Amino acid sequence: MFAEKMVELGNRRSTIREIFEFGNKRAAEVGRENIFDFSLGNPNVPAPKTVGDAIVRMVREEDAAALHGYTSAQGDAAVRARIAESINRAHGTHFTGDNLYMTVGAAASLCVCFKALAEEGDEFIAFAPYFPEYRVFAEGAGARFLAVPADAESFQINFAALEERLTPRTRAVIVNSPNNPSGAVYSEETILRLTKLLKEKSQEYGRPIYLISDEPYREIAFDSVKVPYLTKYYDNTFVCYSYSKSLSLPGERIGYVVVPDEMEGAKEAYAAVCGAGRVLGYVCAPALFQRVASECAGQTSDLAVYQRNRDLLYNALIEMGYSCVKPEGAFYLFPRSLEPDAVSFCERAKGLDLLLVPGDDFDCPGHVRIAYCVKTEMIERSLPAFRKLAEMYR
Ligand code: PLP
């Protein structure tokens, strides 16, 4: 009676959500302070005060009909121009508002790009561990989704496995750096190697392989590590950005796609993004938050909290005997599970009210994700539980 695939997707609950719901249930039983919930990537650092100030000022002073009215389908022209300037200041690029399409967050940015690109038989490739919705979005756009197994020693790119998967059907490769869930930042060396390979393969196949850079964590990078801006390395790059993490606004659903002029068929590519926005019903991102994003472009929440949390948790886990690639960005730790089956490991952790997500969800078994975008004080209180868990495996 209904689209079978949609019913299946709607019924198949995400493990992350299930763990989060379990945490809420336990909190009601034993008190929130006794639950160590590391399941969700929901930033606990508040949005900067300038966000609230901008909202209050606009709501008080501006014409309500205009403020809350429809904007152009691709976003308000002045908003896009201002955001383009902010990107240019940060990265030395030369975008104008005409290179931007405003969206309801990175999820929509990705869906719009996938839909803009996918024709029958096309394939999209991502690198494990990856955000599980990539597969859903890619298949939803009618493409085939392929995963490159992880390089678990560094969480950079497993190039041998990538080469095996590149074919004339490859339409785009998705990168996410800083990465959810590994926290890895792709080095400039990795990016140079990737873009060289994609240029060679595009030439060999006689059609471009696009790069889709999913970057909701762009600003969350530690120890001054450089996060290369991919349009400067590869012309055929779509940038999918979101303010969900940088400004701690995940519930407000605001972000954008960048389509650079240098891209092959740039005009057509931008038209395809607009067309995809129409088909998906993503026209006119929330007007108030378009304005907020443009007024606060270039600002961030207090991201130093995440580095403090990473240092505290990483150092403590290593001292307890866990093994983990040190994350350079985002707000996740992705240690090895202490038994081969990460699902069973997470069940044991659950018994200590320690809520972790098995790496299987990110196509990287044998690991667990710990989202440390939580209060530092909760991390401190959780350490005895992490120690107890490690002791169970001695
Ligand atoms: N991509 C990655 C890697 C993410 O981790 C997330 C959210 O956690 C998204 C995309 C979706 O972001 P948004 O909330 O902006 O849609």
Side-chain angles (χ1 to χ4, degrees), residues 14-17 19-20 38-45 47 51 75 83 100-115 124-138 140-141 145 147 150 155 172-186 211-221 227 230 238-258 277 280-282 285-286 289-290 292-293 296-297 300-301 303 306 327-334 357 359 361-364 369-374:
S14 119
T15 317
I16 301 176
R17 285 276 157 192
I19 297 170
F20 177 69
F38 293 98
S39 63
L40 269 192
N42 210 4
N44 93 301
V45 176
V51 165
I83 293 176
L100 265 67
Y101 183 94
M102 301 303 295
T103 63
V104 283
S109 302
L110 290 162
C111 287
V112 159
C113 290
F114 292 178
K115 189 77 183 165
F124 292 149
I125 298 179
F127 304 100
Y130 56 83
F131 182 58
E133 295 302 278
Y134 290 163
R135 178 182 293 279
V136 178
F137 298 162
F145 177 81
F155 292 123
V173 171
I174 307 152
V175 290
N176 168 223
S177 166
N179 184 266
N180 172 13
S182 71
V185 173
Y186 288 159
L211 202 52
I212 297 177
S213 181
D214 177 27
E215 36 188 77
Y217 303 94
R218 159 159 291 283
E219 292 83 2
I220 311 177
V227 184
L230 297 194
F238 291 92
V239 178
C240 294
Y241 184 83
S242 154
Y243 295 93
S244 294
K245 319 289 173 169
S246 60
L247 281 177
S248 303
L249 294 174
E252 304 302 352
R253 317 305 302 135
I254 190 78
Y256 58 79
V257 177
V258 178
L280 296 168
Y282 282 156
F289 276 87
Q290 287 190 42
V292 171
C296 300
T300 64
S301 316
L303 304 179
Y306 300 131
E328 293 188 300
F331 40 54
Y332 307 101
L333 226 59
F334 200 57
V357 181
D361 271 42
F362 306 94
D363 211 353
C364 193
R369 189 186 80 168
I370 308 175
Y372 59 78
C373 48
V374 295

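Every number for a ligand or one of its atoms is a count from 1 in the order of the listing. For the numbers below, each heavy atom of this structure counts, side chains included, while hydrogens, waters and symmetry mates do not. Note that the coordinates shown come from a computational prediction; the quantities given were computed from them, not determined experimentally.
When only non-hydrogen protein atoms are considered, atom 2 (C) of ligand 1 lies nearest to Asp214 OD2, 3.4 Å. Annotation: atom 12 (O) of ligand 1 to nearest protein heavy atom, Ala106 CB, 3.5 Å. For atom 15 (O) of ligand 1, the closest non-hydrogen atom on the protein side is Ser242 OG, 2.6 Å. The single protein non-hydrogen atom nearest to atom 14 (O) of ligand 1 is Arg253 NH1, 2.9 Å, given as residue, atom name and distance.
In this comparison of Phe137, Tyr217, Phe362, Tyr130, the heavy atom closest to atom 5 (O) of ligand 1 sits on Tyr217.
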Might you work through the side-chain hydrogen bond (donor to acceptor under 3.5 Å, both in side chains) test for Tyr306 and Tyr217, ending with a clear yes or no? CA-CA 12 Å; Tyr306 300 131; Tyr217 303 94; over 6 Å; no

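Of the N and O atoms on the side chains of Tyr130 and Asp363, at least one donor lies less than 3.5 Å from an acceptor on the other residue.
For the atom pair CD1 of Ile174 and OG of Ser213, the computed distance is 11.0 Å after rounding to the nearest 0.5 Å.
Tested against Val227 for a side-chain contact (heavy atoms from CB on, under 4.5 Å), the candidates Arg218, Glu219, Glu328 yield a single pass: Arg218.
Proximity of Pro216 to ligand 1, defined as any heavy-atom pair under 4.0 Å, is confined to the side chain (atoms from C-beta onward). At a 4.0 Å heavy-atom cut-off, ligand 1 touches Lys245 through the side chain alone. Neither the backbone nor the side chain of Pro250 comes within contact range of ligand 1; no heavy atom lies under 4.0 Å.
Atoms of ligand 1 lying under 4.0 Å from at least one heavy atom of Asn180, given by number and element, are 3 (C), 4 (C), 5 (O). Under a 4.0 Å criterion applied to the non-hydrogen atoms of Ser244, ligand 1 contributes the atoms 13 (P), 14 (O), 15 (O).
Side chain of Thr103 to main chain of Gly105: a donor-acceptor pair is present (N/O by atom type, distance under 3.5 Å, no hydrogens or angles).
The aromatic rings of Tyr256 and Tyr241 lie parallel to each other, with less than 30° between the two planes, well short of the 60° mark.
The closest side-chain heavy-atom distance from Pro129 to Ser182 is below 4.5 Å. Proximity of Tyr332 to Phe362: side-chain heavy atoms (C-beta onward) are nowhere separated by under 4.5 Å.
Annotation: Asn176 places no N or O atom under 3.5 Å from an N or O atom of ligand 1; distance criterion only.
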